[in-house]
Trainee: 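Got a structure for you, written out below as structure tokens; questions coming shortly.
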Amino acid sequence: ANGCMNEIFLCFISFIQPLAALAGHILSWLIWLMNSYIERIDSLPFSVWGGLQITIVQAALLLMMVAGLSYWLFEKQKAGVWLSILSLLFFTGFGSVSCYQSGQQQKLIVYNIPKCQAIDLVNGNDYQFIGDSILLKDTGLQNFHLKPARIALQLNKRTDTMKFIFRQGPFCQFNNKRILFVDRSVTFLPGTQKIDVDMIVISNNPRVYIPQLAAVFNCKQYIFDASNSLWKIGKWQKDCEELHLQWYSIPEQGAFVSDL
């Protein structure tokens, strides 16, 4: 509220240049002081409890629990206690079901991050990251693009090796799904028999041609992520349509999520 008042005051005296300049410097210092205080509080141990994800139903149950306790405290009615207990039980039940479901999930996620390759292979609550190293260092990019999805899916551990996932070169076997990651210019030589793959993910503007890939692989889905140039994606889309192949453009259609 004080910050809003200061900004309103600054607008009010903006026509008085010396006074407005002084007020602007003071307001800038106050904003810096507030942000510094928040960052220091955030750095304290146990000051922030992150990674929480609840549904609308769970939020409503928490409100009912608080309302029941308040009713019991003010009105001394046991009905309030029973309402709180039932709400808590249902809240715990929904949470347990959600935890069980997240522990069974297996997914491929290709994120929509402009000019970056970012892929998560998800197995339960663990994930294996494939992508640009800058995303491992830049917390701002992580918090904006990656963290919300990982919180929603209850992912809490990044690992380089995971059960059910076997990787060799650009090929990945996840259970019975075969995925080919193409992120550099490469030439595949046709063999006597085509190789079956479920998905081909193309990243980082490689010099590849869809007809050449189609001559080597029987692929059900081509995925073009946001690290590619739009003109290249447009050319690949045209080639896919001419060959009657399924394609997915992440810059146009958003992040790609597939259950494996």
Side-chain angles (χ1 to χ4, degrees), residues 42-63 65 87-114 116-181 183 197-201 203 220-221 223 225-227 248 250 253-260:
D42 182 66
S43 64
L44 294 175
F46 307 107
S47 61
V48 177
W49 193 359
L52 296 178
Q53 174 72 17
I54 62 173
T55 64
I56 295 177
V57 174
Q58 287 177 297
L61 289 170
L62 285 177
L63 290 174
M65 183 183 71
S87 300
L88 181 60
L89 288 175
F90 277 109
F91 175 83
T92 305
F94 279 112
S96 300
V97 171
S98 177
C99 288
Y100 174 78
Q101 291 175 341
S102 67
Q104 304 301 312
Q105 64 189 346
Q106 294 179 326
K107 297 178 182 290
L108 167 71
I109 305 173
V110 186
Y111 294 95
N112 183 13
I113 306 179
C116 289
Q117 180 194 37
I119 301 165
D120 276 343
L121 296 171
V122 177
N123 183 29
N125 301 113
D126 301 337
Y127 65 94
Q128 184 175 344
F129 177 75
I130 302 171
D132 297 335
S133 58
I134 188 175
L135 295 172
L136 300 176
K137 302 173 184 177
D138 192 324
T139 55
L141 288 175
Q142 287 186 35
N143 291 338
F144 187 79
H145 292 286
L146 303 177
K147 194 172 181 180
R150 289 170 178 171
I151 291 176
L153 295 174
Q154 301 184 35
L155 306 181
N156 50 38
K157 183 182 178 182
R158 184 174 73 86
T159 179
D160 294 328
T161 58
M162 284 199 302
K163 190 178 180 182
F164 306 121
I165 296 179
F166 173 75
R167 291 187 62 196
Q168 184 173 11
F171 292 93
C172 175
Q173 177 88 23
F174 195 156
N175 284 334
N176 60 343
K177 299 290 185 179
R178 296 178 179 179
I179 308 168
L180 173 65
F181 296 105
D183 57 5
V197 295
D198 294 279
M199 288 173 274
I200 296 179
V201 183
S203 310
K220 299 177 182 178
Q221 180 86 62
I223 303 160
D225 75 7
S227 65
Y248 189 96
I250 286 177
Q253 300 168 267
F256 178 83
V257 182
S258 175
D259 292 316
L260 300 177

Trainee: Distance from C99 atom SG to F94 atom CZ, nearest 0.5 Å?
Mentor: 13.5 Å

Trainee: Does the side chain of D120 come within less than 4.5 Å of I130's, by heavy atoms?
Mentor: no

Trainee: Looking at F164 and N123, what are the two nearest heavy atoms and their distance?
Mentor: CD1-ND2, 3.6 Å

Trainee: State, to 0.1 Å, how close D225 and C116 come at their nearest heavy-atom pair, and which atoms those are.
Mentor: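 In this case the closest contact between D225 and C116 is OD2-O, 4.3 Å.
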
Trainee: Indicate yes or no for a side-chain donor-acceptor contact from Y248 to the backbone of A255 under 3.5 Å, with no hydrogens or angles considered.
Mentor: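 Checked: pair present.
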
Trainee: Are the side chain of Q221 and the backbone N or O of D198 linked by a donor-acceptor pair below 3.5 Å?
Mentor: no

Trainee: Surrounding CD1 of I134 (heavy atoms of other residues, nucleotides or ligands, distance under 6.0 Å), is the total greater than 12?
Mentor: no

Trainee: Hey, are the side chains of L135 and F129 touching, using non-hydrogen atoms and a 4.5 Å cut-off?
Mentor: yes

Trainee: Between I109 and L153, is there a side-chain heavy-atom distance shorter than 4.5 Å?
Mentor: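 L153 reaches I109 side chain to side chain.
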
Trainee: Return the CD1 to CG distance between I119 and D132, rounded to the nearest 0.5 Å.
Mentor: 9.5 Å

Trainee: Which heavy-atom pair separates H145 from I113 by the least distance, and what is that distance?
Mentor: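 What the structure gives for the nearest pair is CB-CD1, 3.6 Å.
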
Trainee: For T55, does its backbone N or O pair with a side-chain atom of Q58 as donor and acceptor, under 3.5 Å?
Mentor: yes

Trainee: For a 4.5 angstrom cut-off between non-hydrogen side-chain atoms, does L155 reach K107?
Mentor: no

Trainee: Looking only at heavy atoms, what is the nearest atom pair of L108 and M199, with distance?
Mentor: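 Heavy-atom minimum between the residues: CD2-SD, 3.7 Å.
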
Trainee: Any idea which heavy atoms bring V197 and I200 closest together, and the distance?
Mentor: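 That would be CG2-CG1, 3.9 Å.
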
Trainee: For the atom pair CD1 (I165) and CG (L121), what is the distance rounded to the nearest 0.5 Å?
Mentor: 4.5 Å

Trainee: Report yes or no: does Q101 contribute a side-chain atom to a donor-acceptor pair with the main-chain N or O of S98 at less than 3.5 Å?
Mentor: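 No; zero donor-acceptor contacts below 3.5 Å.
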
Trainee: Roughly how far apart are I223 CD1 and F256 CZ, rounded to 0.5 Å?
Mentor: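 The CZ atom of F256 is 3.5 Å from CD1 of I223, to the nearest 0.5 Å.
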
Trainee: Could you give the distance from OG (S203) to CD1 (I250), rounded to the nearest 0.5 Å?
Mentor: 7.5 Å

Trainee: Extract all donor-acceptor atom pairs below 3.5 Å that involve side chains of residues 167-180 and protein atoms in other chains or at least two apart in sequence.
Mentor:
unit_1	atom_1	unit_2	atom_2	d
Q173	NE2	N175	O	2.8
N175	ND2	Q106	OE1	2.5
R178	NH1	D196	O	3.4

Trainee: Within the distance-only criterion (no hydrogens, no angle test), does the side chain of Q105 pair as donor or acceptor with the backbone N or O of N125 below 3.5 angstrom?
Mentor: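 Not confirmed, Q105 side chain does not pair with N125 backbone.
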
Trainee: Testing the basics here: between P148 and N143, what is the closest heavy-atom pair and its distance to 0.1 Å?
Mentor: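 It is CD-O, 3.2 Å.
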
